[in-house]
Structure formats: structure tokens, C-alpha cells
J.: 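Please read through the structure below; I'll follow up with questions.
Along the sequence shown, the residues carry numbers beginning at 1. Each ligand, and each atom within it, is numbered from 1 in the order the structure gives.
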Amino acid sequence: MQLGIDDLAFATAGRYLDLADLAPVHGVEPAKYTVGLGQDRMSVCAPDEDVVTLAAAAALPLVEALADDERAAIRTVLLATESGIDQSKSAGVYVHALLGLSPAARVVELKQACYSGTSALQMALALVARNPEQKVLVICSDVARYDIGSAGEPTQGCGAVAMLVTANPRLVAIEPVSGLHTSDVMDFWRPNYRTTAVVDGRLSLRAYTDALTGAWEDFRAQGGAEFGDIDAFVYHQPFTKMAVKAHAHLTRLAGAPRDAAVMDAQIADTLRYNREIGNSYTASMYIGLVSLLDHATEDLGGSRIGFFSYGSGAVGELFTGVVQPGYRAHLRTAAHRRLLDERDRVSHAEYLRIVAPVNPVDGGEHDVERLTRGPFRLAAITGHQRLYEPTTAAATAVA
Ligand code: COA
């Protein structure tokens, strides 16, 4: 029996900052960002968008596509994020309610920087292996924020990916072998009292590469596929140039020929969406997968994909999946393209106005400015409670 990803969609904010508008503020050439980091734009959350609204928006089309009995088969929701909105309550519980899922479900939030979505996927596979009738909804949702004016600022972004994990998946069957690597590194973290991450950028790039080395060596020791038997590679993308660097590193490590055209073809389609979205932490690698499936001109059915998931701190996991024949009939390519094309470009001044999260601490009544065009919004923070509401007929209908 094959286990894996049966349905897949992403969501992002309705606004973006073009990095050409940030470069002069930092006193650099736009090419530093577009070429040096491989980023053109970054999605910027409005005050009424957060990891809950993004997660629910990503999962909405998956839930809408299910019949009532299939929705009831979702007995687990795993929400991976490092931009949590509460220290105790899972963001997944809000999402579960917004999506009108069955109360006969377990819901939990997972955290380990950008890695935890992969942990959620592996846990989902284990649950489905135990009961193949069950479906698990895995959602990765994050808002990447660094200090204004810092080197990390151009690598912000936000987005969410929803994956329905089932037996006999229609998109990608995940293979059983994983290569794992954990080491205690202070390359990137966010203490409870901060709304932006603390990052040692240079160290994080070294820690990423070290984790890739460790995970690949473990993957091969565990009997994982040879490099030459993997057709495409999806890497975690804090900025897309990082995937280019990682792929060069892995190619060298595996002793494979360093043919620039071949190496480019193995990753190019995985980078397209993230160039426009920016970093979305846990969602980034899986948006890379959506990008590959949506953009590949040849039919990838039967192709093996290598995945490298990295989360600072640091945990890395390398695993593979096989694209299923007929997968193209189940993609949401047009909706994803529309989502990106319909975003509004904001000025640098407007970006500065909306980029900080709404964060009142007095327990009073705070309505949140209505800006999003997404299907769900954060409407108010009242008595320390976050109040969400659907904004479209489709979102209202599902609840
Ligand atoms: N044209 C083309 N490329 C240019 C350029 C120009 N005018 N100016 C600079 N560059 C290149 C640099 O050569 C460099 O490329 P290289 O690394 O391949 O040599 C790249 O642009 C970045 O320049 P650099 O000076 O290293 O950038 P920086 O010190 O301002 O910061 C990061 C870069 C990535 C360290 C920073 O954005 C950061 O900390 N981001 C967060 C990292 C992160 O998310 N880590 C956690 C998860 S892994």
C-alpha cells in the first residue's frame, strides 16, 4: 500500500512588497536580492491575516472537494508553525472550527523552526499506515519576520500549505526511508518576548549545509535511493538561492557530475513560486513541491523527488517521494497562479504601516482593520481572545 499526499494547495497574503522598492532603502542594487538571494517579491500579511487565516485559506479547497463522509474521515489535523498566536492553544483548533471539521478529531500544533511540517507529514503517514481509512490534514503556516533594516528583512514572506495525507495518494507517494540530523545550534530562534526572529545569517547557512550533509549520509546508510535515481530535488528555501547552493553541495557530496544545465533542471521549477512569495518557514519546502508539480512541462508521473527539510536550531530530514501517474488531473495550478497575480503591490511606506502584527496586550476590545481579500480574517482581539470570521460565501458554507 502506498501512502502520501493526495491533495495539495497553498495560500499567501493578498499584498506584496517588490524587493526593487526595498533595495534603495537598504542602499543596495536590486540585483543583490534578485540575483544574490534569488528573490523578487515578498508577501506581506495585512493586520487581519495571520497563520490561522492563511492555514484555513490553504485548506479550504481541499475540504470543499471532499464529500461529507470523506470530511469525516479527517480524524487528525496537524498544524506546523513557528509563528504561533498562542502559547497554549493550537492554531489548528481555530482552523478546525473555521473549516467545519468533525469534532471527532485530534488537533495539535508542532514546532521546530522551518522543519516541523515534515515531522507532521511523517506522523500523518504513520497514522494512515495504522488506519488506511483515515485521512490526516497537515497544514504548514508561517509569517517570516525579521527586524526592519536588518540583513534578514529582504528574506521575509508568508504562506501556508495544506496537504491531505492518505493511502493510495493521487499526487506523491512518500517512500519509507528518511535521513535524519539534529544538532544544537543557535543560528535562528525567537524568544517568547519577541515578534521577530533573531538570526545569525551566516551561521544559519553553514548549519543548513551541515544538516544536509548529515541527513544525506544517514539517508544513504539507511538504504535510501542513490543520487542518480532521484530526478528532482526540493529544498527548504529561506531564499531561493539557498536551494541552488544546497543542490551544488549535495551534488558534490554525492560525487555526481557537476553539469550546470542538469543541476539547474533538477531544481529550477521548485523555485518559481517562492521567488514571488519569500520565506514561509514551514511551508516553504512544500510550496517548492507545489511549484514543481505546477510548472513541470514534462509529465513527472513515476519520477522520484528528493526532499530536504531544514529547521534552524537545528533539525534536517532528507526523504524521497514518487509522483503518481495521472497526478496532473488533480493540480490547482490556475488557482495558485491567480492567487499570486491578484495580490496588490504595496509601497514601502504601506509595508511599514502593516508589517507589524496586531498585538494588543490590555485585554480590551480591539477591532482589526479590514484589509484582506482572503476567505477568512482576524476580525478582533477582545478580552485576550482572537476572533476569526469567514469573508466569502465558500468559507461561510464550509463552516
Ligand atoms: N548583484 C548580485 N549579487 C549580489 C550583489 C549585486 N549587486 N550584491 C551582493 N550580492 C550577492 C552576494 O555576493 C551574496 O551572494 P553569495 O552568498 O552567493 O556570495 C548575496 O548577494 C547576499 O549578499 P550578502 O552580503 O551575503 O548578504 P547579507 O549579509 O546582507 O545577508 C543573508 C544575506 C542570507 C545572511 C540574510 O538575508 C539573512 O540573514 N537572511 C535570513 C537567513 C535565514 O533565513 N536563515 C534561517 C533559515 S536557513
J.: Taking both backbone and side-chain atoms of Y146, is any N or O found less than 3.5 Å from an N or O belonging to ligand 1?
T.: yes
J.: Which residue owns the protein heavy atom closest to atom 41 (C) of ligand 1, what's the atom, and how far is it?
T.: T155 OG1, 3.4 Å
J.: Taking the six-membered ring for Trp and the single ring otherwise, decide whether the centroids of F376 and Y388 are under 6.0 Å apart.
T.: no
J.: Protein heavy-atom contact under 4.0 Å for atom 8 (N) of ligand 1?
T.: yes
J.: Can you find an N or O of E29 that's nearer than 3.5 Å to an N or O of ligand 1?
T.: no
J.: Below 6.0 angstrom between ring centroids: does that apply to Y351 and H348?
T.: yes
J.: For this output row, return yes or no: ring centroids of Y281 and F188 closer than 6.0 angstrom.
T.: yes
J.: Protein non-hydrogen atoms only, distance under 4.0 Å: does atom 14 (C) of ligand 1 have such a neighbour?
T.: no
J.: I'd like to check whether S204 has a polar contact with ligand 1, where a contact means an N/O of the residue lying under 3.5 Å from an N/O of the ligand.
T.: yes
J.: With rounding to the nearest 0.5 angstrom, report the CG to CD distance, L378 to E389.
T.: 9.0 Å
J.: Using 0.5 Å steps for rounding, measure from the CG atom of D7 to the CG atom of L62.
T.: 3.5 Å
J.: Should K245 be listed as contacting ligand 1, given a heavy-atom distance under 4.0 Å as the test?
T.: yes
J.: Between R373 and D344, does any side-chain N to carboxylate O distance fall below 4.0 Å?
T.: yes
J.: Tell me the protein heavy atom at minimum distance from atom 38 (C) of ligand 1, and give that distance in Å.
T.: G152 CA, 3.8 Å
J.: Which ligand 1 atoms does A151 reach within 4.0 Å, using its non-hydrogen atoms?
T.: 30 (O), 31 (O), 36 (C), 37 (O)
J.: Taking the six-membered ring for Trp, are Y273 and H295 closer than 6.0 Å centroid to centroid?
T.: yes
J.: Identify the protein heavy atom lying closest to atom 35 (C) of ligand 1, giving its residue, its atom name and the separation to 0.1 Å.
T.: G201 CA, 3.8 Å
J.: Please report whether the ring centroid of F308 lies less than 6.0 Å from that of F219.
T.: no
J.: Quick test: of every protein heavy atom, which one is nearest to atom 2 (C) of ligand 1, and how far off is it to 0.1 Å?
T.: A31 O, 3.5 Å
J.: Under 4.0 Å from a heavy atom of S312: which atoms of ligand 1 are those, numbered in the order shown and with their elements?
T.: 46 (C), 47 (C)
J.: Check this for me - ligand 1, F188, N or O atoms closer than 3.5 angstrom, yes or no?
T.: no
J.: Of the protein's non-hydrogen atoms, which lies at the shortest distance from atom 34 (C) of ligand 1, and what is that distance?
T.: F239 CE2, 3.4 Å
J.: Counting non-hydrogen protein atoms only, what is the nearest one to atom 33 (C) of ligand 1? Give residue, atom name and distance.
T.: L37 CD2, 4.1 Å
J.: What's the shortest distance from atom 11 (C) of ligand 1 to any protein heavy atom, and which residue and atom give it?
T.: G36 CA, 3.6 Å
J.: Using heavy atoms and a threshold below 4.0 Å, how should the contact between M242 and ligand 1 be classified: side chain, backbone, both, or neither?
T.: neither
J.: List the closest protein heavy-atom neighbour of atom 28 (P) of ligand 1: residue, atom name, distance to the nearest 0.1 Å.
T.: K32 NZ, 3.6 Å
J.: Tell me if the CZ atom of R328 is crowded by more than 12 foreign heavy atoms within 6.0 Å.
T.: yes
J.: Less than 4.5 Å apart, side chain to side chain, heavy atoms only: is that true for P357 and V143?
T.: no
J.: Counting neighbours of CZ on R130 that are heavy atoms of other residues, nucleotides or ligands and sit closer than 6.0 Å, is the number greater than 12?
T.: no
